[in-house]
Amino acid sequence: MERLDDWRRSCMCGEVSGDLMDKEVTLMGWVQRRRDHGGLIFVDLRDREGIVQLVFNPEEQAEVHKRAHAIRNEYVVAVKGVVSKRPEGTENPALKTGGVEVRVRELKILSEAAVPPFIIEDDTDAGEDIRLRHRYLDLRRPVLQKNLVLRHRVCLSARNYLSQNGFIEMETPVLTKSTPEGARDFLVPSRLNPGHFYALPQSPQLFKQILMVSGFDRYFQITRCFRDEDLRADRQPEFTQIDVEMSFVDREDVIACMEGLIARMFKDALGVELEVPFERLTHDEAVGRYGLDAPDTRFGLELVDVTDIVRGAGFKVFAAVAEKGGVVKAVNAKGCAGFTRKELDELTELAALYGGKGLAWVKIVDGGWQSPIAKFFTDDEKRAIEAAVRAEKGDLVFFSADRREVANPVLGRIRNELGRRLNLIPKEGFSFVWVTDFPMFEYDEAEKRYYAVHHPFTSPMDEDIGKLDSAPLEVRAKAYDIVLNGEEIGGGSIRIHDQGVQTKIFELLGMGSGEAREKFGFLLDALSFGTPPHGGIAFGLDRILAIMTGSESIRDVIAFPKTQKAVCMMSGAPSEVDRKQLDELCLRVAGKG
RNA sequence: GGAGCCGUAGUUAAGUUGGUUAUAACGCCGGCCUGUCACGCCGGAGGGCGCGGGUUCGAGUCCCGUCGGCUCCGCCA
């Protein structure tokens with residue numbers, strides 16, 4: 001181990017270029033690899049900016065060359081040397097610095113390194129668990145460095161845009177009040193108030209609305225949110241939102257301003273020019289044509305409603321569904337009549353996974369329909385269905401018949417799978433769509449009550465307010481989601497700022513005024529003191545970055561992510577704590593059943 | 001709460017119908033090598049198969065349980 005002393009870096013490894021030809025440079029970094037030819041020793045030196053080749057030549061610096069034998073992978077070294085053109089024919093076009101090399105005159109080994117458990121390179125073959133345990137090494141890989149640098153650039157871009165557009169970045173409490181609606185809260189015990197708990201915020205929703213009441217006019221925050229729910233590739237218990245709220249606006253103002261934000265982030269971070277305004281779909285259209293409220297608009301294969309055609313048909317399953325108010329939806333898998341039994345079974349299984357009771361199919365072949373259900377339809381009905389889905393010979397048509405809330409998503413998932421299998425999804429490109437006009441409420445059969453689809457402060461559409469009493473399920477909300485490549489990356493709404501409407505909404509949600517006060521009293525108090533019309537949105541930063549970087553999981557854009565059991569494999573969190581800590585908090589662990 | 005896939009040297013994997021000292025590659029250690037960049041060549045060390053039971057003369061291979069990783073359903077206003 002040697003000291004830095006008065007050595008200072010003259011440039012980054014990845015920045016060494018022909019501009020520095022014959023100049024002496026001082027470089028510092030990690031040893032990517034050493035190639036010892038007995039005479040010459042080559043060392044690839046790596047830092048954030050890239051890799052440069054060092055050459056140790058026994059004929060030039062015998063002493064330094066001798067010491068270079070001790071160098072191993074991941075050692076941290078400093079060198080002084082001369083930038084030289086590589087000999088003819090030994091250039092390495094794979095490296096940004098591949099035209100030059102540094103002939104080392106002096107060497108300092110600043111830090112030795114234990115043998116790493118896996119090789120630090122983009123296509124390392126180590127499993128994710130071992131990489132997460134040694135995340136500090138994993139994060140040395142250029143691909144993760146690139147992702148996290150991009151994350152920085154996106155955040156910086158968002159801050160610049162929002163600041164330039166009159167938004168003020170403000171912080172809101174992390175120790176806050178538990179609100180029973182929504183996701184499960186993470187709780188934090190209060191030592192000074194035994195038996196009382198803070199909750200970590202699921203989002204700064206209430207606080208940002210209060211900031212509008214306070215007159216800050218436009219607020220934003222790039223902030224951590226916490227939800228104690230099960231994890232997925234696109235869900236971590238702590239995740240980051242770009243949270244925005246604006247005063248004196250309606251939906252179109254928010255959407256236009258946020259399109260500017262998204263466009264700016266993609267321009268600044270990726271150099272991609274997006275076309276604005278983005279495509280729009282109402283919730284009804286999205287679900288009707290794509291089956292899902294997060295439609296993947298990168299390919300066709302749209303769903304078609306054939307309920308009316310099959311209503312009177314001889315196929316009892318379809319007819320019964322139509323009779324009971326359900327829907328029969330169809331999707332034409334163009335040119336897929338050659339699907340095997342196995343492929344059809346796999347898709348049927350997929351339908352079952354999402355609650356579909358079955359997945360009917362029809363192959364359009366020479367001589368008509370090849371299908372288990374062909375015999376139930378007349379030629380007229382067959383022709384009508386074929387016309388509805390524009391089926392031609394060689395096509396394969398799938399049907400899903402069920403309640404609207406089942407048939408659509410089931411076939412929507414089938415559609416997505418078909419898009420994947422048929423390679424209809426472009427590898428590059430960003431397909432944005434706003435989904436608007438969400439319903440205000442959904443009805444929970446089990447609990448016999450309404451739930452807010454968005455949240456209880458979302459404003460109904462003005463023209464639907466009259467239906468709050470008569471037909472609550474038909475009331476649409478001033479809520480909007482933004483979907484990118486079939487994934488929800490953000491959502492927001494215009495908030496209620498009319499006390500009467502707010503009271504009515506609480507009633508519909510089965511909350512008396514007492515209960516509403518108990519849960520949201522501080523917000524309701526605030527809203528009573530002069531509230532500007534306001535609304536906002538929150539973007540899932542991690543998801544946006546995952547799509548930008550082509551990552552399979554948001555773990556690849558988060559420096560220290562957690563596993564599916566919500567464990568940090570590096571730090572070991574969560575862990576047991578001392579009895580003393582529990583005592584101070586007046587807590588006791590009950591043990592699990 | 002549930003389903004599926006996976007746990008074998010440091011890493012990634014192979015391991016036939018259960019059968020002597022468990023394979024390979026990369027990595028590691030040592031030696032040789034002056035133009036490599038997945039450097040090359042020679043030699044060597046390293047695990048008892050996630051963990052715990054069971055069946056069997058005999059288990060990495062079969063059974064049960066358990067722990068962990070990943071994907072998904074439920075859940076995520």
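Values below: every heavy atom of this structure, side chains too, minus hydrogens, waters and symmetry copies. Source: prediction; values computed, not measured. In what follows, chains are A, B, ... by sequence order, proteins preceding strands, each numbered from 1.
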Next item on the list: Identify which nucleotide among B:C70, B:G35, B:C39 has an atom closest to any side-chain atom of A:L40, counting heavy atoms from C-beta outward.
Entry: B:G35
Note to self: Can you list everything that forms a ring-ring contact (aromatic ring centres under 6.0 Å, His included) with A:H455? Sequence neighbours excluded, please.
What the structure shows: A:F457
Checklist line | Partner set under ring-ring contact (aromatic ring centres under 6.0 Å, His included) for A:F438, not counting sequence neighbours | finding: A:H283
Item checked: Toward the 5' end of RNA chain B, by each residue's nearest nucleotide, A:H455 or A:E121 -> A:E121
Next item on the list: Return the stacking result for B:C39 and A:H37: yes when the ring centres lie under 5.5 Å apart and the planes under 30°, no otherwise.
Entry: yes
Notebook entry, point to check: If we take the P atom in both B:U23 and B:G65, what is their distance in whole Å?
Noted result: 33 Å
Margin query: Whole angstroms only, please: what is the CD-C1' distance between A:E238 and B:C76?
Written below: 16 Å
Next item on the list: Provide the full list of ring-ring contact (aromatic ring centres under 6.0 Å, His included) pairs with a residue in residues 113-135 of chain A, sequence neighbours left out, each pair given once.
Entry: A:H134-A:Y136
Margin query: By nearest atom, which of the nucleotides B:U36, B:A77, B:C70 is closest to the A:Q205 side chain?
Written below: B:A77
Margin query: Using modelled atom types and a 3.5 Å cut-off, is there a donor and acceptor pairing between side-chain atoms of A:D47 and backbone atoms of A:M12?
Written below: no
Checklist line | Shortest side-chain distance from A:L95, nucleotide among B:U71, B:A77, B:C37 | finding: B:C37
Checklist line | Nucleotide forming a Watson-Crick or wobble pair with B:C33, both distances under 3.5 Å | finding: none
Check: If you measure from the ring centre of A:F42 to the centre of the six-membered ring in the base of B:U36, is it under 5.5 Å, with the planes under 30° apart?
Finding: yes
Notebook entry, point to check: From the list B:C70, B:A77, B:U71, which nucleotide is the closest neighbour of the side chain of A:S553?
Noted result: B:U71
Next item on the list: Return the nucleotide paired to B:A25: Watson-Crick means purine N1 to pyrimidine N3 with N6-O4 or O6-N4, wobble means G-U with N1-O2 and O6-N3, both under 3.5 Å.
Entry: B:U11
Next item on the list: Please identify each residue that fulfils ring-ring contact (aromatic ring centres under 6.0 Å, His included) with A:Y443, with sequence neighbours left out.
Entry: A:Y450
Notebook entry, point to check: Does any residue of residues 224-237 of chain A have a heavy atom under 4.0 Å from RNA chain B, and if so, which ones, in number order?
Noted result: A:R227, A:E229, A:D230, A:R232, A:A233, A:R235
Item checked: Within residues 402-419 of chain A, residues whose heavy atoms come under 4.0 Å of RNA chain B -> A:R413
Check: Is it true that the NZ or CZ of A:R449 lies under 6.0 Å from the centre of A:Y451's six-membered ring and within 45 degrees of the ring axis?
Finding: yes
For residues 480-488 of chain A, which side-chain N or O atoms pair as donor and acceptor with protein atoms under 3.5 Å away, sequence neighbours left out?
| unit_1 | atom_1 | unit_2 | atom_2 | d |
| --- | --- | --- | --- | --- |
| A:Y480 | OH | A:S493 | N | 3.4 |
| A:Y480 | OH | A:S493 | O | 3.2 |
| A:Y480 | OH | A:G536 | O | 2.9 |
| A:N485 | OD1 | A:S431 | N | 2.8 |
| A:N485 | ND2 | A:G429 | O | 3.3 |

Check: Checking only heavy atoms, does the side chain of A:R86 share a donor-acceptor pair with the base of B:C37 at less than 3.5 Å?
Finding: yes
Notebook entry, point to check: Which listed nucleotide (B:C72, B:C37, B:G68) is nearest to the side chain of A:K565?
Noted result: B:G68
Margin query: Taking the C1' atom in each of B:A3 and B:A77, what is the distance between them to the nearest angstrom?
Written below: 27 Å
Next item on the list: In whole angstrom, give me the gap between the C1' atoms of B:U20 and B:G58.
Entry: 11 Å
Item checked: A:D36: salt bridge (Lys or Arg N to Asp or Glu O under 4.0 Å) partners, not counting sequence neighbours -> A:R34
Next item on the list: When you get a sec, tell me which of B:U11, B:C72, B:A77 is the closest nucleotide to the side chain of A:L353?
Entry: B:C72
Check: What pairs with A:N416 under side chain to side chain contact (heavy atoms under 4.5 Å, CB included), at least two apart in sequence or on another chain?
Finding: A:L292, A:D296, A:F299, A:R420
Close N or O pairs between protein and nucleotides 26-30 of chain B (under 3.5 Å):
| unit_1 | atom_1 | unit_2 | atom_2 | d |
| --- | --- | --- | --- | --- |
| B:C29 | OP1 | A:R72 | NE | 2.8 |
| B:G30 | OP2 | A:R72 | NH2 | 3.4 |

Checklist line | All salt bridge (Lys or Arg N to Asp or Glu O under 4.0 Å) counterparts of A:D525, not counting sequence neighbours | finding: A:R517
Next item on the list: Go ahead and name the base partner of B:A3; Watson-Crick or wobble counts if both distances stay under 3.5 Å, otherwise write none.
Entry: B:U71
Check: For residues 558-574 of chain A, which residue pairs qualify under salt bridge (Lys or Arg N to Asp or Glu O under 4.0 Å), counting only residues two or more places apart or in two chains?
Finding: A:E238-A:K562
